[in-house]
Each structure stands twice: as C-alpha cells, then as structure tokens.
Amino acid sequence: SLGGTHGCASVAVGSPVVPLGSAVTASCTVRSELCRGLERGKIRIAWMLDSEPMAGSQQQGPGGTEVSNLTVPHFNRSQARLWCLVEWNGTRQRVGMAEIQAGYPPAKPSNLTCMLNLSDYGLTCQWERGADSLPTAVALKCATSRAQREATGEAVTGCTPRGGGRRCTVPRRLLQLYRKMEIWVSARNALGTAESERLCIDPMDVAKLDPPTLQSIRSVPYQTDCISVAWEAARTSAHMELQCELRYRSPEDLAWALVPGISGQARPTQHCGFLFGTQYHFQMRCRRPSPGGYWSEWSPGRNFTTHE
Amino acid sequence: SLGGTHGCASVAVGSPVVPLGSAVTASCTVRSELCRGLERGKIRIAWMLDSEPMAGSQQQGPGGTEVSNLTVPHFNRSQARLWCLVEWNGTRQRVGMAEIQAGYPPAKPSNLTCMLNLSDYGLTCQWERGADSLPTAVALKCATSRAQREATGEAVTGCTPRGGGRRCTVPRRLLQLYRKMEIWVSARNALGTAESERLCIDPMDVAKLDPPTLQSIRSVPYQTDCISVAWEAARTSAHMELQCELRYRSPEDLAWALVPGISGQARPTQHCGFLFGTQYHFQMRCRRPSPGGYWSEWSPGRNFTTHE
Amino acid sequence: MPLPEFSGDQDFQLFLRKSLEFTRKIKGDVAALQRAVCDTFQLCKEEELLLVRQHLGIAQSPLEQCHSRSFQAEACFSRLCQELQSYHSSLASVRELLPAHADLVEQLQLDAANLSSNIQQQMEDLGLTTVTYPAESRGALPVFSSLFHHQVGSFFILADFQRFLETAYRALRHLAR
C-alpha cells in the first residue's frame, strides 16, 4: 500500500477518544530509511495540536527510527488533530496525524414512557436524554422477562430512533402481547454505555384507546332526576376490559361533574341528581384498567335536556 | 396434493376472459368415485352465476363421470363466478367454480408527449387513455430506431406508470441522447394489445430549458432610440444551440412587444424603436431550435428607463 | 368440571383474564376475515361446502381434553398451545388468498403465536409439564390443486379456528373466577 503499512512516519495515540480534560499521550515514529530525502541523525520532530505548536521529547527508537513522545495534560477540545512534523529542506513537513475526540460517557436516558397504537399495534416509546458530546448509538431494547429470555433464548428486539432522536416504534411482530416485557433505552459511545430504568409492562396495558360513542340519553321513568346513558366502546377496544368515566355540565356550570368507574362494555349506565328542564352536555372516555393506562380522548359530546 | 389434480368435480370454461356480451360456455364434470358419499347415477348437477340459478344440460361422461354443459348466451357482467352444485344429503353442495371476466381490448393510448428534465436528464412522458374494463398492463416503450435495434439488438427500454397512471419517467441510463428514438405506449389486457402512435424524437430536442438571465440593459451611444441587452443562457443549457426571444412593454402598454429569433449563446442583442424617457420591463426565454421544443419559463424581469 | 389446585393463584387469575381478552380479540379478527372470504369469494355457508371439505380431507381436532366432562389442565393447555401454533402456520394459506387483508392475517398469526407462548409460559410458571400430541395434518401448509379448493380450504381453516377459539374461551372462562 502507499507508504507501506507504517510509511515514513506514524503517530500512535493512547486512545482516539478520551474523557474531556483528561491527559492524551502520543508518539511519533519516523523511519528515515522510508522517507526519501531525510538524513538519518538530523531528524527534528515537532508537534502541532491543530494549529498550536506543542513540545515533545525526542530520542532514538528501535531499528534506527527517531521517536518523539508528547503528553497533552488536559485535552479539553471536543475534537482536534495532532500533527507530527519534521524539518526538511528548510520547510516543516507534516508526516503523520491522529484525530482525537473528547467528551463524556453518554448521559443516562430517563423518563421512558411507551404507548401502544391500536391501529397497527406498534409500541411507540419516548425518553429524555442529555446532549451528546460524542457520536452516540441509541437503541430502544425490548424483550420478554429475563427468565423467559434465558429459558426460551428469545432475542432482545426493539427499535432505533432516526437521527439520534428520542422516540421510536417497535413493530407488532417484535412484541409479545398480553405478557410483561422489559423495555429500556441504551446509549453507547466510545467512552461507555448508559441504560435507562427498565419498564416492565404488558404492551396491552399502555394501549391508547379510541374514544367510546354516546348512543342515546333518556330520562328514567318515575325517577325524574335520573337519566340513562347508552354508550358503546370503540370497535378497536370492543374485546377489552375497560374503565370509563362520564362527565357532564349545563351551560351555566363552570366545572364538569364527573362520574368515574363505569366498567364493562356497553351496558347503559344510570345517573341521578339532575335539575329539571336543564340542558346538559355529556362526554365519555375510557382507558385500560391496569396502572399506567392512557385515557382515550373524550367522546364527541351529546346534549340532553331533562324534563320540565 | 389435497383433492388430487381434478378433485371431486371441476369446472372448465372456454376462456376466463371474454368480450363483454359474448357467449360463455362451461362444463362441470363430477367424478362420483372421488366424492365420498355421492351415489353414482343419482347425481343432479345445477349451476349458479353468482347467486342466479342457471339451467344446463346433463349427460354421462367418460369413465363414469357425469357432465353438465352450460351456455350463457350474452355474458354482460364485468366479473362473475360460475358455480357448479350437486344435491347431497338434502343440501346443495358447491363442488366447483370458475371466475369469468368480461370487458374490451384496451383503448389506444393517444396524445403522447415527452419532456426531458435537464436536472437529471430523465425523460417524462404522458398520454391519454380510456378507462380500463379489465386488468391492463401499461408501459412506455423507448428504443433507438427499428433498423438500429435489429442491427445492434439493443433492447427496448422505457418505464411503467405507477398504479396504471398516465405518465412515467425514463431514467437517463436507458436513453440515447442526440439520436432519434422511437417512443410509444403499449396497453395490454387479456383481450388484446393497443399501441399509441410512435414519436420519433431526439430526447434533447424536447428538453425543457431553464430560463436565461438578463445581465444588463444599456442605451446605444448616438442611437438614442436603441438599447443593447446583455443576457446569458442558463448554466444547464450553456452548451446548447438555442433559439430565444425577448419581450418588453412599458407600464402603459397592454400587450408585450416580442423580439423573436435571438440565437447564439450570449452575444448582446440590439433593438431599436424605443420611446424617450420611458420605463420598459424586459423578459427573455429560450428553447431548443428543433420542432417540438419547449419554451423555458420567462426569465426574471428587468426594468430599464430610456434617456430623455 | 374439576378445578386444578392452582386455580385460586392470583397470577393465574390475571393470566386467565388477559387470555380471555386476547381470545376475544382473536375471535373478532377471525370473524372479520370470515366476512372478507364471504364477500370476496361468495363462500359463506359451511353446509354448502361439506362435500368438498370431506373431499379435501380437512380434519378438525376435537379438543376433548378441554371439554367440561374430561377437563384436564395440563392436557388442555398443551393442546391449546399446539393447536395455536398449527393455526399460526396454516393461516399462511389464507394470507396468500387475501392480499388486501395481509396485515390483518399477519396480526392474527402473531396473536396466535403470542397466545400460545403465553399459555406455554404460564404452564412453566405453574410447573405443569407440557404434553405433546401427534402433529395434526394441518401442521404443514396444505397444497391445494385448484383456486377453488384453496378458497374452500381457507374458508374451513377460519371456520375451524373460530370453533377452536370458542372451546378455548369456554375452558379459560371456567377456570376464571
């Protein structure tokens, strides 16, 4: 290859990526017999950090080479080039170079939350993370619980956010529905890896439901201050256990009155305490009964005026 | 395989795709020894066209089979299923089926026009076509002239419109620039093929040029009613033979005055007949001199006021 | 129907409630595909296709281990796991037939596989041993000699799957408190 494996000179660094502010050591080895025009014994090696001259030590190395060592005590640039130069015909020749980056191990991702979309059963997760000081590979990891993984050898799956983003979607085929899965975010760069807290959730428990529909609202015979509300869950949650709540108010009310804890699928619910001859506006929403469930949007509203 | 090659019964039709309104003939062959539970000699075959009962003839066929023939004199549904049924345990069993489609050979594509895009040298063609009565494969065909094709064996290339559309783009690598190519559209369905008229064009002749730019406009010394316009062709057509035209008008004029036939690349052009102390608005456009060339858009305008 | 001793276990009851809901979901999706087969191929009534079914040799496993009289948890659960796996593969021929519903069929296959491994996992958690039964003919993907037979075969895969789910649902509901 051009200049042989090592060539006329080569620069070696302890590590191309270092923690910001830490020391960087480098050595430049010049093999005069491989650099036409360089007279052995008269080689003076110099260093530059980007365009800043640096002073290194110089001594003879093995096999007639000249070696210069350099230490930068506190390397505090995010990125720099370390140049090795030699004097030649009255000029300074750049004969070797090493790129050095500095930064921090990735920050621990936090506030991981996930939501299952019922139209395609993809699980979309998002999280927070500090800025990257170095090129960082981020991935959401998703697996059935550790014990099962070891027993069945199921692979860890997940998804990768685009452009180092903070959200991505695990497709249905990589999910295990109705069973606890471990979900976490991993961020890795040259200086280390950081993992978020692990969520242990059944994807179905974090489904975002579509709103129910209010079918009809009627007065209850002989109980003039009561009304009966007929409602229906959305088709996408027709098979699910639900926990729903109703809210209503008349135009004069500032706040909504809330009727929590309506469960089951579509049995009409009865509520009392309504004023006579008053128009009320009703809405309903549902969610999964499990902890961490997301409320659906409120259903389209329905008006009903109680009897005089 | 399941059910043997022919199975208990099979329906054969003259052709699965027929011209609309033409006759359809079909036969249903029942092999009682292959249909467990069917008693030979007591087989009554019936027909249904989708859900409409049809009457067929029935006779013994070769090898102990029962055969029923059916003719639908005028088949005028775009698509239908022909069902063969037999009586069994007091029920009518569907034992065979054939799907039949009817329509017309494809309409001849017309009004084929093509334009070469100078940013990627793709040739975009569009055409008109009647509605499809049957699944129709449409493709733009593009080839050097027939003689060359036969001599050099060059393949016919082209492109396929998405979703049976009416335009597509032939990529640069399939084009022969600065040479006549034959371009036509072919539409094929089960009942035939129709081809458009053939265009015989050099793709470069239908290039859509980028507009020129008006560099500067000056009065001509000692010819006070004349002006000199310095202009430049767009970079993408800097190497091309061009035919350009200039238009100008003053705010009072309703119509534009047009100066056709400006050729060459960028020599300033001189025009006379301008009024004194009047502001004129100038624009220029260019095209390929060959027939069928497309005018570029008008250049950004430039104002100039003649001397008092 | 005798109840196994673990039926009072809280985790087991949660597993049953989740599995009942999952089965309801799968039943709904199978019904949607049955409507699609009816609309698309005019194959809607089982009684019109019994002769061809018999001719195609499509067998359905009776699931006697899950019926009330002879209910036996380990045997029933093992059977459910195995049948769900075989429906997971035989649904592939339904997918070929209904390209417009490929996503729904793929979801159904994933759900069948998930429910099967959920049951499998629950059996392991309870320390039950899995009983393996000779693979049904439906295990391998059937090869149909004609488009009509392919359509009828798919019709019966869905009809049998719906019946299977009905039996599974009843068995799970019996165990759920």
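Order of the sequence lines fixes the chain letters, A, B, ..., with proteins taken first and strands second; residue numbering starts at 1 for each chain. Computed from a predicted structure; not experimentally measured.
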* Which residues in residues 27-49 of chain C have a heavy atom less than 4.5 Å from any heavy atom of chain A? -> none
* To do: Check side-chain contact (heavy atoms from CB on, under 4.5 Å) between C:S117 and all other residues, then give those that pass, not counting sequence neighbours.
  => A:Q176, A:R179
* Under the side-chain contact (heavy atoms from CB on, under 4.5 Å) test, which residues partner C:A168, sequence neighbours left out? -> C:L80
* Kindly say whether the aromatic ring centers of A:F282 and A:Y248 come within a distance under 6.0 Å. => yes
* Asked: Taking the SG atom of each, are A:C272 and A:C226 under 2.5 Å apart?
  -> yes
* To do: Would you check if the distance from the ring center of C:H149 to the ring center of C:F144 is below 6.0 Å?
  => no
* To do: Give a yes or no on whether a salt bridge exists between A:E182 and A:K141, defined as a side-chain N under 4.0 angstrom from a carboxylate O.
  => no
* chain A heavy atoms under 4.5 Å from C:D103: which part of the residue, side chain, backbone, both or neither? -> neither
* Residues in side-chain contact (heavy atoms from CB on, under 4.5 Å) contact with C:S116, at least two apart in sequence or another chain -> C:C81, C:L84, C:Q85
* To do: Measure C:Q120 against the heavy atoms of chain A and call it side chain, backbone, both or neither at under 4.5 Å.
  => neither
